[in-house]
Amino acid sequence: NFATLDTRNSIAVLDFDDTTDESAIFVSVCPEGANLASGLSISLIWTATTATIGAVVWDASLERMTTDIDTDSFDTAASVTTTTNATSGVPNYSTITLTTIDSLAAGDGFLLKINRDANNGSDTMVVEVRSAA
């Protein structure tokens with residue numbers, strides 16, 4: 001299931017459902033000279049559609065682009081649980097540390113999968129999440 005495109009105050013966002021796990025996949029290249037000895041730190045900026053209470057569980061996983069793109073081979077996901085801001089339009093910041101990065105090296109292309117784990121018992125926010133970054 002994929003997150004859906006939407007806008008909030010003319011800002012492009014992705015909507016992640018509150019009852020179904022949904023994900024988005026981003027394509028990028030690891031910068032030359034990147035130090036990956038400790039993995040990667042992934043920062044998510046998101047808002048609740050209308051909620052002012054509850055928490056969201058985010059998962060992130062990475063796939064080095066050295067295999068058949070028709071078959072997923074994402075490395076082990078890491079997750080973080082973040083409580084939403086008391087004002088629905090104020091951005092929340094979630095950081096996920098990925099230590100399993102599929103042997104990614106500087107200069108490699110990769111896919112980054114971000115998933116809202118809506119069926120996780122710790123995901124207690126009962127509205128969609130809108131991710132701006």
Side-chain angles (χ1 to χ4, degrees):
N1 297 313
F2 54 90
T4 54
L5 290 171
D6 201 350
T7 59
R8 182 169 187 163
N9 193 27
S10 300
I11 300 168
V13 295
L14 292 171
D15 284 346
F16 292 82
D17 195 64
D18 63 321
T19 59
T20 304
D21 287 9
E22 291 183 338
S23 60
I25 297 175
F26 303 92
V27 179
S28 191
V29 175
C30 187
E32 292 292 338
N35 181 350
L36 303 171
S38 298
L40 292 173
S41 183
I42 310 298
S43 296
L44 304 174
I45 303 169
W46 58 275
T47 61
T49 302
T50 57
T52 56
I53 59 170
V56 174
V57 178
W58 293 106
D59 299 329
S61 55
L62 190 129
E63 178 182 313
R64 184 176 174 208
M65 293 180 69
T66 57
T67 57
D68 184 347
I69 65 171
D70 294 323
T71 305
D72 289 337
S73 61
F74 287 93
D75 210 332
T76 304
S79 65
V80 66
T81 303
T82 307
T83 300
T84 191
N85 193 291
T87 303
S88 72
V90 174
N92 301 284
Y93 291 79
S94 299
T95 301
I96 302 172
T97 301
L98 275 176
T99 55
T100 54
I101 58 172
D102 202 23
S103 302
L104 183 70
D108 287 345
F110 67 92
L111 303 174
L112 174 65
K113 183 177 184 178
I114 303 297
N115 178 68
R116 179 179 179 185
D117 193 356
N119 61 0
N120 185 304
S122 296
D123 190 308
T124 60
M125 200 170 68
V126 293
V127 298
E128 287 185 337
V129 171
R130 292 188 171 162
S131 177

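Hydrogens, waters and symmetry mates are skipped; everything else that's a heavy atom, side chains included, is used.
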Trainee: Do you reckon Ile69 sits in the same ILVMFWY cluster as Leu112, going by side-chain contacts under 4.5 Å, direct or chained?
Mentor: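 They do not share one cluster, since no chain of ILVMFWY contacts under 4.5 Å joins Ile69 to Leu112.
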
Trainee: What are the two closest non-hydrogen atoms of Gly33 and Ala106, and how far apart are they?
Mentor: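 Distance-wise, the nearest heavy atoms are N-CB, 3.7 Å.
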
Trainee: Is a side-chain N or O of Asp108 found less than 3.5 angstrom from the main chain of Ala105, in a donor-acceptor match?
Mentor: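 Side chain of Asp108 to backbone of Ala105: a pair is present.
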
Trainee: Which value, rounded to the nearest 0.5 Å, describes the distance between Thr49 atom OG1 and Asp15 atom CG?
Mentor: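 One gets 5.5 Å once the value is rounded to the nearest 0.5 Å.
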
Trainee: Spell out, as yes or no, whether a donor-acceptor pair under 3.5 Å connects the side chain of Asp102 to the backbone of Glu63.
Mentor: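 No.
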
Trainee: Return the set of residues passing salt bridge (charged side-chain N to carboxylate O under 4.0 Å, His left out) with Asp6 (not counting sequence neighbours), or none when no residue passes.
Mentor: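 So Asp6 forms a salt bridge (charged side-chain N to carboxylate O under 4.0 Å, His left out) with Arg130.
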
Trainee: Is the closest side-chain heavy-atom distance between Met65 and Val27 below 4.5 Å?
Mentor: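 They are in side-chain contact.
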
Trainee: What residues, two or more places apart in sequence or in another chain, satisfy side chain to side chain donor-acceptor pair (under 3.5 Å) together with Thr76?
Mentor: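 Once residues adjacent in sequence are excluded, Thr76 has no partner under the side chain to side chain donor-acceptor pair (under 3.5 Å) criterion.
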
Trainee: Take Tyr93 and Trp46 through the test ring pair (Phe, Tyr, Trp, His ring centres under 6.0 Å) and record every step on the way to the result.
Mentor: CA-CA 7 Å; Tyr93 291 79; Trp46 58 275; 9.7 Å; no

Trainee: Roughly how far, to the nearest 0.5 Å, is CG of Asp17 from CD of Glu22?
Mentor: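 Output value for this atom pair is 4.5 Å.
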
Trainee: When you compare the side chain of Leu40 with that of Leu62, does any pair of heavy atoms fall below 4.5 Å?
Mentor: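 The answer is yes, as the side chains (C-beta and beyond) meet within the 4.5 Å cut-off.
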
Trainee: Using a strict 4.0 Å threshold on nitrogen-to-oxygen distance, state whether Asp21 and Arg116 make a salt bridge.
Mentor: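 Not counted as a salt bridge, because no side-chain N and carboxylate O are separated by less than 4.0 Å.
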
Trainee: Are Ile53 and Met125 side-chain neighbours, meaning at least one heavy-atom pair lies under 4.5 Å?
Mentor: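 The answer is no, as the side chains (C-beta and beyond) never meet within the 4.5 Å cut-off.
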
Trainee: First locate atom CD1 of Ile101, then atom CZ of Phe110, and finally report the distance between them rounded to the nearest 0.5 Å.
Mentor: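 If we round to the nearest 0.5 Å, Ile101:CD1 and Phe110:CZ are 9.5 Å apart.
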
Trainee: With side chains defined as the heavy atoms from C-beta onward, is the minimum distance between Trp58 and Ile96 less than 4.5 Å?
Mentor: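 Touching, per the 4.5 Å side-chain cut-off.
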
Trainee: Counting only pairs under 3.5 Å, give me each side-chain donor-acceptor contact of residues 80-90, with atom names and distances, residues two or more places apart or in other chains.
Mentor:
residue	atom	partner	partner atom	Å
Thr82	OG1	Ser94	OG	2.6
Thr84	OG1	Asn92	ND2	3.4
Asn85	OD1	Thr87	N	2.9

Trainee: Just by distance, no angles: are the side chains of Ser73 and Thr67 close enough, under 3.5 Å, to form a donor-acceptor pair?
Mentor: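 Judged by distance alone, the side chains do pair up.
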
Trainee: Do you know which two heavy atoms are closest between Ala48 and Ala51, and how far apart they sit?
Mentor: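 Closest heavy-atom pair between Ala48 and Ala51: CB-O, 3.4 Å.
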
Trainee: Grab the two heavy atoms, one from Gly107 and one from Val29, that are nearest each other, plus how far apart they are.
Mentor: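 Shortest heavy-atom separation between Gly107 and Val29 comes out as O-CG1, 3.7 Å.
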
Trainee: Would Phe74 and Ile42 show up in the same hydrophobic cluster when neighbours are defined by side-chain heavy atoms closer than 4.5 Å?
Mentor: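 Cluster IDs for Phe74 and Ile42 differ.
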
Trainee: Would you say Thr124's side chain and Ala55's backbone share a donor-acceptor pair under 3.5 angstrom?
Mentor: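 Yes, the answer is positive, given that a donor and an acceptor are paired below the 3.5 Å cut-off.
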
Trainee: Does some side-chain heavy atom of Asn115 sit less than 4.5 Å from a side-chain heavy atom of Val57?
Mentor: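 SC-SC contact between Val57 and Asn115 ruled out.
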
Trainee: Between Thr7 and Val13, is there a side-chain heavy-atom distance shorter than 4.5 Å?
Mentor: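 They are not in side-chain contact.
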
Trainee: CG of Leu111 to OG of Ser61: how many Å apart, nearest 0.5 Å?
Mentor: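 It is 9.5 Å, given to the nearest 0.5 Å.
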
Trainee: Start with the C-alpha gap between Leu14 and Leu5, add the side-chain angles, then the distance that decides, and say whether side-chain contact (heavy atoms from CB on, under 4.5 Å) holds.
Mentor: CA-CA 5 Å; Leu14 292 171; Leu5 290 171; 3.5 Å; yes

Trainee: Out of the candidates Leu98, Leu104, Thr100, only one should pair with Asp75 under the side-chain contact (heavy atoms from CB on, under 4.5 Å) rule; please name it.
Mentor: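 Filter result, single survivor: Thr100.
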
Trainee: Mark yes or no for whether Asn9, through its side chain, and Ile11, through its backbone, hold a donor-acceptor pair below 3.5 Å.
Mentor: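 Not at all, since once roles are kept as given, no pair shorter than 3.5 Å links the two residues.
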
